[in-house]
Amino acid sequence: MPELPEVETTRRGLLKAVRGSTITGVTVRERRLRWPVPAELPHVLEGATVRDLSRRGKYLLWHFDHGFLLSHLGMSGSLTAYRQAPAPVPHDHLDLRFESGCVVRYHDPRRFGAMLWIQGTEPRHVLLDGLGPEPLMRGFSGQALYRASRHKRVAIKNFIMDARVVVGVGNIYASESLFHAGIDPRKPAGRVSAARYDRLADAIRKTLRSAVRAGGSSLRNYVGANGEPGHFQLATMCYDRAGEPCRVCRQPIRSLRQGQRSTFFCAHCQT
DNA sequence: CGAGAGTCCTGAAGGC
DNA sequence: TGCCTTCAGGACTCTC
């Protein structure tokens with residue numbers, strides 16, 4: 001479900017409710033996520049005040065005076081802030097209760113997400129080591145992609161989904177960005193020109209920015225922090241459109257599997 | 001080392 | 001209706 005725009009939408013939605021607020025209680029109903037929820041999590045969070053909520057790639061970092069809560073939504077996770085929480089439903093794995101009465105609830109049917117604790121004043125964690133540049137910040141450019149891609153035989157689509165290259169480009173936005181840049185997703189990364197990487201970097205920025213503006217994607221079951229679905233699915237050029245006519249040239253959109261993931265592209269517009 | 005496959009898990013959808 | 005297979009927004013970890 002969540003790619004960078006969904007995580008950013010979640011962050012913005014939660015920020016007003018949680019920044020400056022103190023946690024009064026933590027309920028863990030299911031510890032078995034991607035990694036076990038640390039047993040000490042309720043103890044370290046109760047009484048702590050959220051100083052900030054930031055994002056690194058698809059990770060959310062909750063800042064406290066003595067450490068950080070590192071959360072990831074995985075494939076099917078969501079974080080929702082309730083002024084008054086309804087009764088928990090299946091897969092509501094964790095609640096953060098605030099002194100205001102607000103409850104932030106983590107829901108994740110597939111349990112590929114994570115809730116981890118980083119002790120200390122620096123947000124250092126192996127999961128954050130080696131992450132590439134943020135696509136919506138300085139440091140990300142066509143030139144950076146070009147440099148990182150030399151001598152790489154991996155397909156360009158898999159290359160831009162590698163978090164060491166650039167963070168936050170998931171399966172939907174990888175296909176969409178390559179469509180906008182006119183690049184065949186099967187092309188070896190090392191054989192794409194610098195000029196085309198400039199186009200691709202622009203396409204990634206534009207695709208992600210417009211999805212953030214739209215409040216994230218709403219494919220299948222995405223809901224944001226306020227429970228509202230996103231609207232990105234209305235605008236996909238190729239993702240999930242196999243057999244349907246390309247919106248530019250009317251040739252049928254093709255699909256294939258790359259690294260166990262579905263890719264969608266237009267063989268006429270993308271070369 | 002790089003590249004590709006396997007893995008965790010539940011639920012929805014489609015075929016028969 | 002029911003059973004089975006396939007697929008789903010991620011990404012770490014293993015194998016070759």
Side-chain angles (χ1 to χ4, degrees), chain A residues 1-10 29-37 55-60 70-79 89-94 106-116 125-132 135 148-178 185-191 204 207-208 211-212 214-225 229-236 238-243 255-264:
Chain A
M1 159 205 306
E3 296 198 25
L4 184 147
E6 291 73 29
V7 178
E8 179 60 19
T9 299
T10 297
R29 299 185 192 83
E30 176 57 83
R31 291 188 57 198
R32 296 171 301 166
L33 304 183
R34 175 69 196 263
W35 297 279
V37 176
R55 179 185 58 72
R56 179 75 177 99
K58 295 173 195 168
Y59 292 97
L60 282 173
L70 178 65
S71 59
H72 196 291
L73 302 178
M75 204 93 128
S76 57
S78 58
L79 282 163
V89 298
H91 311 304
D92 283 347
H93 303 314
L94 187 144
Y106 176 63
H107 176 88
D108 185 4
R110 293 176 73 179
R111 291 194 271 122
F112 287 175
M115 286 282 175
L116 297 169
H125 194 280
V126 285
L127 292 172
L128 303 176
D129 285 344
L131 290 181
S149 67
R150 291 309 87 187
H151 309 298
K152 293 279 202 302
R153 281 194 281 264
V154 67
I156 181 100
K157 194 237 187 180
N158 297 319
F159 177 71
I160 60 172
M161 288 179 68
D162 185 338
R164 292 167 301 183
V165 173
V166 54
V167 296
V169 181
N171 201 41
I172 298 175
Y173 300 105
S175 280
E176 291 295 297
S177 299
L178 287 165
R186 300 166 293 185
K187 210 165 177 60
R191 293 221 231 109
I204 289 171
T207 307
L208 293 177
V212 170
S217 116
S218 112
L219 262 101
R220 300 188 172 79
N221 53 7
Y222 175 74
V223 289
H231 304 287
F232 180 76
Q233 87 287 357
L234 298 175
T236 62
C238 56
Y239 184 81
D240 209 21
R241 296 193 67 240
S255 67
L256 54 88
R257 308 278 302 170
Q258 286 183 295
Q260 348 273 86
R261 313 296 297 279
S262 297
T263 299
F264 301 88

Using the salt bridge (Lys or Arg N to Asp or Glu O under 4.0 Å) criterion, which residues pair with [X]? Sequence neighbours excluded.
X: A:Arg191; result: none
X: A:Arg110; result: none
X: A:Arg261; result: none
X: A:Arg32; result: A:Glu30

Between [X] ([atom1]) and [N] ([atom2]), how many Å, whole number?
X: A:Ile156; N: B:dG2; atom1: CD1; atom2: P; answer: 17 Å
X: A:Leu4; N: C:dG10; atom1: CG; atom2: C1'; answer: 13 Å
X: A:Asp240; N: B:dA13; atom1: CG; atom2: C1'; answer: 12 Å
X: A:Asn158; N: B:dA5; atom1: CG; atom2: C1'; answer: 12 Å
X: A:Met75; N: C:dC12; atom1: CE; atom2: P; answer: 13 Å
X: A:Arg261; N: C:dC12; atom1: CZ; atom2: C1'; answer: 13 Å
X: A:Tyr239; N: C:dC7; atom1: OH; atom2: P; answer: 12 Å
X: A:Lys157; N: C:dG10; atom1: NZ; atom2: C1'; answer: 12 Å

With rounding to whole Å, what would you report as the distance between C:dC14 and B:dC9 at their P atoms?
-> 16 Å
Between B:dC1 and C:dA11, how far is it from one P atom to the other, in whole Å?
-> 22 Å
Ring pair (Phe, Tyr, Trp, His ring centres under 6.0 Å) partners for A:Phe159, two or more places apart = none
For A:Tyr59, all residues meeting ring pair (Phe, Tyr, Trp, His ring centres under 6.0 Å), sequence neighbours excluded = A:His72
Regarding A:Gln258 and A:Thr263, is there a side-chain donor-to-acceptor distance under 3.5 Å anywhere?
-> yes
Please check the phosphate of C:dA11 (OP1 and OP2 only) for any side-chain N or O of A:Lys58 closer than 4.0 Å.
-> yes
Between A:Tyr173 and C:dG10, is there a side-chain N or O to OP1/OP2 distance below 4.0 Å?
-> no
Dump every N/O contact between nucleotides 7-12 of chain B and the protein below 3.5 Å, one line per pair.
residue, atom, partner, partner atom, Å
B:dC9, O3', A:Arg111, NH2, 2.9
B:dC9, O2, A:Arg110, NE, 3.0
B:dT10, OP1, A:Arg111, NH2, 3.2
B:dT10, O4', A:Pro109, O, 3.3
B:dT10, O3', A:His91, NE2, 3.0
B:dG11, OP1, A:His91, NE2, 2.5

Write out a two-atom table: protein N or O, nucleotide N or O from nucleotides 3-6 of chain C, distance below 3.5 Å.
none

Listed by chain and number, what are the side-chain contact (heavy atoms from CB on, under 4.5 Å) partners of [X], not counting sequence neighbours?
X: A:Arg31; answer: A:Val28, A:Pro36, A:Val37, A:Ala39
X: A:Val126; answer: A:Asp129
X: A:Arg164; answer: A:Asp162

Helical stems, DNA chain B - three or more consecutive Watson-Crick or G-U wobble pairs below 3.5 Å | B:2-8 with C:10-16, B:10-16 with C:2-8
Between A:Trp35 and A:Phe264, who's closer to the 5' end of DNA chain C by nearest nucleotide?
-> A:Phe264
Any side-chain heavy-atom pair of A:Pro109 and A:Ser76 under 4.5 Å = yes
How many angstroms lie between atom CG of A:Leu128 and atom CG of A:Leu116, to the nearest 0.5 angstrom?
-> 9.5 Å
Which of the following nucleotides, C:dG10, B:dA3, C:dA8, is nearest to the side chain of A:Met161?
-> C:dG10
Among C:dC12, C:dC7, C:dA11, which is the nearest nucleotide to the side chain of A:Arg257?
-> C:dC7
Please work out if A:Arg164 contacts a base, only the sugar-phosphate, or nothing of the nucleic acid, heavy-atom cut-off 4.0 Å.
-> nothing
Touch check for A:Phe159, heavy atoms < 4.0 angstrom, all strands: base, sugar-phosphate only, or nothing?
-> nothing
